[in-house]
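Side chains are part of it too, since the values below use all heavy atoms of this structure and drop only hydrogens, waters and symmetry mates. Residue numbering restarts at 1 for every chain, and letters A, B, ... go by the order of the sequence lines. What you see is a predicted model, and the numbers here were worked out from it, not measured in a lab.
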Number of protein chains: 2
Amino acid sequence: MLDKFPCRSHCPINYALESFGDKWTLLIIRDLMFKAKQSYGDFLASNEKISTNILADRLKRLEEMGIVIKSVNETNRTKMIYSLTPKGQDLLPIMLEITKWSGKYDAQTNAPKPFLDSIENDRLRLIEDIQAGWKSAKKQ
Amino acid sequence: MLDKFPCRSHCPINYALESFGDKWTLLIIRDLMFKAKQSYGDFLASNEKISTNILADRLKRLEEMGIVIKSVNETNRTKMIYSLTPKGQDLLPIMLEITKWSGKYDAQTNAPKPFLDSIENDRLRLIEDIQAGWKSAKKQ
DNA sequence: CTGTATCCTTAGGGATACTG
DNA sequence: CAGTATCCCTAAGGATACAG
C-alpha cells in the first residue's frame, strides 16, 4: 500500500487499466453516465450487487483520480451527490464502443451479429496500418 | 470455480467487464493488436512484466471466449502463434478510444490536455440525452 | 440513508522450479 | 523457447454489524 498508483508502465492502455481496470469501477461510471444515478444507495441497488466496502473504496478512488466529484445535496444536507467530472464525462466514447462490442457478441451464444460486419475489412486494414507503423518506428 | 463465466447481469458494460475486466487481459490484446506480437515469449517481454502463470491463464480464457486463436507456426512446428479472431479485432475502436482518453489525461499530472476540449459541450449534451432516454424508458 | 469497520474466504498474482 | 506446476503472500471482495 506504499503506492496507490503503482504505474507498471507509461502505456496509455496501461494507464486506463490502472484507472478503471477492475470488475466494478466501470459499473459505477455506467450508473452515473447512463442511468443518472447519483447517490450511494443508488449504486448499491444495481443488479450486480456491489458490496458496501467495495463501493466506498471505488468511489474514493474515483474521486482521487478526478473522475468523480462528491458534493452535498443542498435540499437534503445529509445526502451526498456523486457526479462525473469532465474527465469522467470523457469516458463516454469508451463506454459507447464497449456497448457496441458487447451488443455484437451476445453473452449467451457468443455469436457475432451482422450489424457491424460491413466494416470488417476496413477495421482489418486499419490494424495492419498501425502494426506497420509500430514496426517501422522501432527500427529507427 | 463451478462457473467460469458467472454473469452478474446482462448489461453490455458488465459483459465486457467479465470478458476483459482485469489488469492484464487488455495488455495482451494491445500487444496482439498494435505491436504485432504473437508468441508467448513476446508477451512475457512486455514492460509490465506479466508472470508466466497469469499469461497462460489469460491466453486460455481469451481462447475460450473466442477473442484469440492459437495455431501452429508452420515454419517452426514447436512454436505456437496467437492471433486475434474477428471478435478480438472488433475491440479496436475500444482500444483507440481508451488511448485517446489516456492521452488527454496524463498519468503524471492528471491535467487535461487541450486537443479534445472543443467537443466538450457536445459530449455533455449527449450524456444528457442518454439519461433522459433512460428515465423515460423506465417510466413506461 | 450514508457510510465505516470487521471478519473471513477466495481469487489474483509474484517468484521460481521444472518439463518437453 | 513454450509452457506447467507449486509455493506462498497479498488484494479483492462477500457478509454482516455498527455508527452518525
Side-chain angles (χ1 to χ4, degrees), chain A residues 1-9 14 17-28 31-32 36-65 68-83, chain B residues 1-9 14 17-28 31-32 36-65 68-83:
Chain A
M1 266 304 197
L2 287 175
D3 195 351
K4 303 194 99 162
F5 304 108
C7 194
R8 298 176 292 188
S9 78
N14 184 60
L17 288 176
E18 288 175 3
S19 300
F20 51 78
D22 71 278
K23 298 260 181 237
W24 294 106
T25 301
L26 241 40
L27 294 178
I28 298 173
D31 287 351
L32 285 163
K37 297 193 175 187
Q38 47 182 19
S39 76
Y40 194 86
D42 288 341
F43 305 130
L44 276 183
S46 283
N47 286 336
E48 294 85 5
K49 300 284 163 240
I50 191 169
S51 59
T52 57
N53 52 346
I54 303 300
L55 176 58
D57 175 79
R58 294 306 187 279
L59 285 172
K60 201 172 68 145
R61 292 209 55 199
L62 283 166
E63 236 193 309
E64 287 166 354
M65 292 184 296
V68 158
I69 190 161
K70 184 178 179 176
S71 53
V72 191
N73 184 337
E74 286 303 327
T75 66
N76 176 359
R77 305 285 307 202
T78 70
K79 195 164 187 171
M80 300 308 286
I81 285 186
Y82 297 90
S83 47
Chain B
M1 269 298 199
L2 288 176
D3 198 351
K4 303 195 96 163
F5 304 108
C7 192
R8 298 176 294 189
S9 78
N14 184 60
L17 288 176
E18 290 177 2
S19 300
F20 52 79
D22 71 277
K23 298 260 181 237
W24 294 107
T25 301
L26 242 39
L27 295 179
I28 298 172
D31 286 352
L32 284 162
K37 297 194 176 189
Q38 47 181 21
S39 76
Y40 195 86
D42 288 342
F43 305 130
L44 277 182
S46 283
N47 285 337
E48 293 85 5
K49 300 287 163 236
I50 191 169
S51 60
T52 57
N53 52 346
I54 303 301
L55 176 58
D57 175 80
R58 294 307 187 276
L59 285 172
K60 199 171 68 142
R61 292 209 56 199
L62 284 167
E63 237 193 306
E64 287 167 354
M65 292 185 295
V68 157
I69 189 162
K70 184 179 180 177
S71 53
V72 191
N73 184 339
E74 286 304 325
T75 65
N76 176 358
R77 304 284 310 202
T78 71
K79 195 165 186 172
M80 300 307 287
I81 285 185
Y82 297 91
S83 49

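As a whole-Å value, the separation of B:Lys49 NZ from C:dT16 P is 14 Å. Note: CG (B:Asp57) to P (C:dG13) measures 9 Å, nearest angstrom. Note: CD (A:Glu63) to C1' (C:dT2) measures 14 Å, nearest angstrom. The CG-P distance, from A:Leu44 to D:dA15, rounds to 13 Å in whole Å. Taking atom CZ on A:Phe20 and atom P on D:dA12, their separation rounds to 17 Å, with Å as the unit. At whole-Å resolution of the value, CD1 in A:Ile50 and C1' in D:dG13 are 10 Å apart. Note: CD (B:Glu18) to P (C:dA11) measures 14 Å, nearest angstrom. Here D:dA2 presents its P atom at 19 Å from NZ of B:Lys60, a figure rounded to the nearest Å.
Between the side chain of A:Glu18 and the backbone N or O of A:Cys7 there is at least one donor-acceptor pair closer than 3.5 Å. In this structure a side-chain-to-backbone donor-acceptor pair under 3.5 Å is present from B:Asn14 to B:Ser9.
Checking D:dA2, C:dG13, D:dG13 against the side-chain heavy atoms of B:Met80 singles out D:dA2 as nearest. Looking at the side chain of B:Arg58, the nearest of the listed nucleotides C:dG13, D:dA2, D:dT4 is C:dG13. Side-chain proximity of B:Ile54 to D:dT4, C:dG14, C:dT4: nearest is C:dG14. Of all nucleotides listed (D:dG13, D:dA2, C:dT4), D:dA2 comes nearest to the side chain of B:Lys79.
Look at A:Ser39 and you'll find a side-chain N or O under 4.0 angstrom from OP1 or OP2 of C:dT2. For C:dG12, the OP1/OP2 oxygens have no side-chain nitrogen or oxygen of B:Trp24 closer than 4.0 Å.
Using a 4.0 Å heavy-atom cutoff across all strands shown, B:Asp22 reaches no nucleic acid atom at all. Counting non-hydrogen atoms under 4.0 angstrom, B:Tyr82 reaches the backbone sugars and phosphates but no base. Residue-level contact check: B:Asn53 touches the bases, meaning some heavy atom is under 4.0 Å from a base atom.
A residue-by-residue look at A:Asp42 and A:Lys23 shows that A:Asp42 has its nearest nucleotide of DNA chain C further toward the 5' end.
Nearest heavy atom pair, residue B:Phe43 against residue B:Leu59, reads CE1-CD2, 4.0 Å. Closest non-hydrogen pair, B:Glu48 versus B:Trp24, comes out as O-CH2, 3.4 Å.
Put simply, the side chain of B:Asp42 does not reach to within 4.5 Å of the side chain of B:Tyr82, judged on heavy atoms.
The base of C:dT16 sits with one of its N or O atoms less than 3.5 Å from a complementary donor or acceptor on the side chain of B:Thr52.
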